[in-house]
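Comments concern the structure below.
Note that this is a predicted model, so its numbers are computed, not measured. Every chain is numbered from 1 and lettered A, B, ... according to where its sequence line falls, protein lines coming before strand lines.
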There are 2 protein chains.
Amino acid sequence: MFFGEYPYKVDEKGRVPLPPKFRRQMREGVILAKGMGEKCIAVYPVAEWKRLSDSLAAKAVTQANLRKLNRAIFGSAFSTSFDGQGRITLPYPLRDYAGIGDTAIVVGANKCVELWSEDEWKAEKTSAEEQASQIIESFGA
Amino acid sequence: MFFGEYPYKVDEKGRVPLPPKFRRQMREGVILAKGMGEKCIAVYPVAEWKRLSDSLAAKAVTQANLRKLNRAIFGSAFSTSFDGQGRITLPYPLRDYAGIGDTAIVVGANKCVELWSEDEWKAEKTSAEEQASQIIESFGA
DNA sequence: AGAATTGTGGGGAAAAGTGGGGAAATAGGG
DNA sequence: CCCTATTTCCCCACTTTTCCCCACAATTCT
C-alpha cells in the first residue's frame, strides 16, 4: 500500500529518490510506464506489474487488439531499480511526457506510485478532490 | 469510540499528543488524512482506515474514476504511530491544509479523531450547533 | 500529601536528501 | 578493427531532517 505525497528534486542526471517506505515495498525492482490517460509516470512493483499486464492480456480478444495493447503498454515501459541512494533514473521520453522539470511530486496511489510535475499535480489534485467528495456524499460515509 | 474535545500544544517539530484514552484505541498505528470536505486532519485507526478505503474503492465505477479516487484518498494520507510520549508528528502538507499553528484542537468524532486549528474549529462548532437541531429533527430522533 | 501519569520541551544519534566525481560501457569515426 | 569521445552507472561525501530517547513540570489519582 502506497500513501502520501512527497516533493523531490530531480537532479541534472534525471534521478529521483523515492520515500524509504516505498522502497521497502519495491526491493525486487520497478517498472516505469506512462500513466494511463494522465500526464504522469506510473511506477509499479514488478509483482503488481505482472498482475496488471496478465489481466490485460487476458481481456484482449483479437490479435489486432492484443498487438495494439502490447505496443501501448510495453512500448513505453522501462524496467529499472534503485541505486545506492534509493533513487531511480527517469528515461527522457517519460520525463518529457509527464512534463517533469527539476521537481517531481511522488504520490502514493494504493497499488502503485505516480510521479507528477508540480503543475499537472496541482490541477489533478483539485479535480480529484471534487470528484471524491461527490462519491463520498453518494456513499453517505 | 472517540469522544470529547481537547486543546493541545503543537511543538516546533510538529508533534501533537493525543489523549491517553484515544491512544489506547490506536495502538496498532494510525492513518492521517485530510478531513473529507472540512479543513481539518482526520486520524483513523488502521483497521477503520482499511474498512473505509475499501468501501470507497468499491464505489468507483470506471477505471479512470478509480485512479482519480485512489489519488485523492491515498495521496493525502500518511501512515504514522506514536512516540514514547504518546505524540504523533504532523506532516507539513496536512498541517498547512488544516491551518494548524501552535495549537490543535483534538476532537473525538465516533469512528475517528479530528485535528482542527482553533479558528476553524470555532467556526465549525457554531455552525454545527445551529444545524444540529435541524438535522436531529429530520432524523426523527 | 505522595505517587503515578500526563503535558511539554530539547538534545543526540541515525537516516534520508542532495550533489558531484570516477570508472565502466557504449557508440561513433577514422 | 581500433581508438576516442560520450554517456551511463555506481560509489563517495556532505548537509539536512527525522526519529528516538531523556528530562522536567504540571496535573490527577490514590
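In this pair, W116(A) and W121(A) present their aromatic rings tilted. The plane angle is within the 30 to 60° band. Aromatic ring pairs are classed by plane angle as parallel below 30°, tilted from 30° to 60° and perpendicular above 60°; the pair W49(A) and Y44(A) is tilted.
Mapping D11(B) and K21(B) onto DNA chain C by nearest heavy atom places K21(B) closer to the 5' end of the strand. Residue whose closest nucleotide on DNA chain D sits further toward the 5' end, between R15(A) and D83(B): R15(A).
What separates CZ of R87(A) from C1' of dC10(D) is a distance of 10 Å, to the nearest Å. Separating the CZ atom of F78(A) from the C1' atom of dT8(D) is a distance of 14 Å, rounded to the nearest angstrom. Atoms OH (Y6(A)) and P (dT18(D)) sit 11 Å apart, rounded to a whole Å. If you take NZ of K9(A) and C1' of dT16(D), they are 13 Å apart, rounded to a whole angstrom. One interatomic measurement links the two molecules: OH of Y8(B) to P of dA26(D), which rounds to 17 Å at whole-angstrom precision. Distance CZ (F82(A)) to C1' (dC9(D)): 16 Å, rounded to an integer number of Å.
Contact detail for A98(B) and E120(B): the closest heavy-atom pair is O-CG, 4.3 Å. Of all heavy-atom pairs spanning L56(A) and L69(A), the tightest one is O-CD2, 3.6 Å.
The footprint of chain B on DNA chain C, defined by a heavy-atom cutoff below 4.0 Å, extends from dT6(C) to dG11(C).
Within the 4.5 Å cutoff, no side-chain heavy atoms of P17(A) are placed close to those of Y6(A). F82(A) has its side chain within reach of L18(A): a pair of non-hydrogen atoms, C-beta onward, lies under 4.5 Å apart.
Looking at Q85(B), its side chain has no donor and acceptor atom pair within 3.5 Å of the base of dC20(D).
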